[in-house]
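Data block below; observations after.
Below, chains carry the letters A, B, ... as their sequence lines are ordered, and counting in each starts from 1.
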Amino acid sequence: MTLGDVVARSSLDAAPLLLGWTLLVDGVGGRIVEVEAYTEDDPASHAYGGPTARNAAMFGPPGRLYVYRSYGIHWCANVVCGAEGVGGAVLLRSLEPTHGLGTMASRRGLEEPTLLCSGPGRLAEALGITGADDGAALDRPPFALVPPAAPPAFDATPRIGISRAADAPWRFVVRGSPWLSRGRRRA
DNA sequence: GGTATGATTGACT
DNA sequence: GTCAATCATACCA
């Protein structure tokens, strides 16, 4: 399966399929173990209500990055999914660090491996993703997405940190992974 | 033009 | 467990 095949699907279908892929930025990154899906008709989604200046990338071509500032402090990275003109994206919440641990530790200012990429804000900081990367293509340098040898088993759970549509089980995690956000939430 | 609100994290009680 | 930090965007007047 190619990246193009995955991101052409709606974010709800694409989200679990992105688990296990290895995301690299300039050779630094790791295995995706936790994601959340956001759709256009989802009240919790930035795409809800139609295109605006901020969410433009969500309505653009799939396979690109959508980066936004969270709480005025952190950056959060999404993979745009679906079709151009339709707002949808998959939030990358946590990685299992595999490449460039030293670089990530340096950017994060700490060495504890479980704290490098376990959370959307942490992940973006560790990989050096900022608002300048909004709209960047994920299949071109410095970005790369490598498919897993075999799809991992996963669980679906409610999303974290939202107030609307909080019950929808649109958070997908690699079953049993010790690299999930919020310390170590169970599936 | 003014205000309310987060798809979070880290520090503190 | 609770709470402040910090600011761009969104929405209302």
Side-chain angles (χ1 to χ4, degrees), chain A residues 7 10-19 23 30 32-60 62 64-82 86-97 104-136 138 154-174 177-187:
Chain A
V7 300
S10 79
S11 50
L12 275 180
D13 292 334
L17 295 176
L18 283 169
L19 293 174
L23 170 66
I32 299 172
V33 296
E34 178 179 354
V35 299
E36 287 178 2
Y38 289 87
T39 66
E40 185 171 347
D41 55 3
D42 164 18
S45 171
H46 289 170
Y48 189 66
T52 65
R54 174 176 65 160
N55 67 23
M58 287 183 82
F59 289 84
R64 306 269 186 103
L65 266 181
Y66 164 52
V67 184
Y68 66 92
R69 211 197 251 298
S70 175
Y71 290 87
I73 305 171
H74 309 286
W75 295 107
C76 294
N78 300 248
V79 177
V80 177
C81 293
V86 179
V90 174
L91 172 68
L92 302 175
R93 286 196 59 89
S94 192
L95 299 183
E96 171 185 341
M104 291 191 277
S106 174
R107 286 175 178 151
R108 296 273 298 116
L110 46 80
E111 300 185 17
E112 179 56 43
T114 57
L115 296 179
L116 288 180
C117 302
S118 298
R122 293 165 173 175
L123 182 159
E125 183 176 33
L127 271 58
I129 295 174
T130 72
D133 299 305
D134 188 42
L138 284 163
F154 67 89
D155 293 305
T157 78
R159 293 173 293 183
I160 293 176
I162 57 175
S163 56
R164 289 173 289 185
D167 296 333
W170 295 343
R171 168 177 177 254
F172 302 91
V173 302
V174 172
S177 173
W179 305 98
L180 306 182
S181 65
R182 294 279 182 104
R184 202 172 290 201
R185 284 178 106 83
R186 44 171 244 187

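Per the geometry, CZ belonging to A:Arg122 stands 15 Å off C1' belonging to B:dA7, to the nearest Å. With rounding to whole Å, A:Leu116 atom CG is found 11 Å from B:dG10 atom P. Here B:dG6 presents its C1' atom at 13 Å from CG of A:Leu91, a figure rounded to the nearest Å. If you take CZ of A:Phe172 and P of B:dA7, they are 18 Å apart, rounded to a whole angstrom. Protein atom CG of A:Leu92 is 13 Å distant from nucleotide atom P of B:dT8, rounded to whole Å. For the pair A:Tyr48 OH and C:dC11 C1', the interatomic distance rounds to 15 Å; values are reported in whole Å. If you measure from atom CG of A:Asn55 to atom P of C:dC11, you get 10 Å, rounded to the nearest angstrom.
Within the 4.5 Å cutoff, the side chain of A:Trp179 has no heavy atoms near those of the A:Leu95 side chain. At a threshold of 4.5 Å between non-hydrogen side-chain atoms, the residues A:Arg54 and A:His46 count as touching. For the pair A:Leu18/A:Val79, a side-chain contact is recorded, criterion being any heavy-atom separation below 4.5 Å from C-beta on. Side-chain contact between A:Trp75 and A:Asp133 is absent, with no heavy atoms from C-beta onward closer than 4.5 Å. Looking at A:Trp170 and A:Ser11, their side chains never come closer than 4.5 Å, going by heavy atoms from C-beta outward. The side-chain heavy atoms of A:Tyr38 and A:Val90, taken from C-beta on, include no pair separated by under 4.5 Å. By the 4.5 Å heavy-atom criterion applied to side chains, A:Val67 and A:Asn78 are not counted as neighbours.
Across all strands shown, A:Arg159 has no heavy atoms under 4.0 Å from either base or sugar-phosphate atoms. When heavy atoms are screened at a 4.0 angstrom cut-off, A:Arg108 is found touching the sugar-phosphate backbone but no base atom.
Using a cut-off of 4.0 Å between Lys/Arg side-chain N and Asp/Glu carboxylate O, A:Asp134 and A:Arg69 are scored as not salt-bridged. Ionic pairing of A:Arg159 and A:Glu36 is not present here: no N-O contact between side-chain nitrogen and carboxylate oxygen is shorter than 4.0 angstrom.
Considering only the side chain of A:Met58, B:dA7 comes nearest among B:dA7, B:dG6, C:dA10. When distances run from any side-chain atom of A:Arg54 to the nucleotides C:dA10, B:dG6, B:dT8, the shortest one goes to C:dA10.
The phosphate of B:dA7 has neither OP1 nor OP2 within less than 4.0 Å of any side-chain N or O from A:Ser45.
Across residues 68-80 of chain A, A:Tyr71, A:Gly72, A:Ile73 each have a non-hydrogen atom less than 4.0 Å from an atom of DNA chain C (numbered order).
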Wobble G-U and Watson-Crick pairs count when both distances are under 3.5 Å; given that, what is the 5' to 3' dot-bracket string of DNA chain B, with | for pairing to other strands?
||||||.|||||.
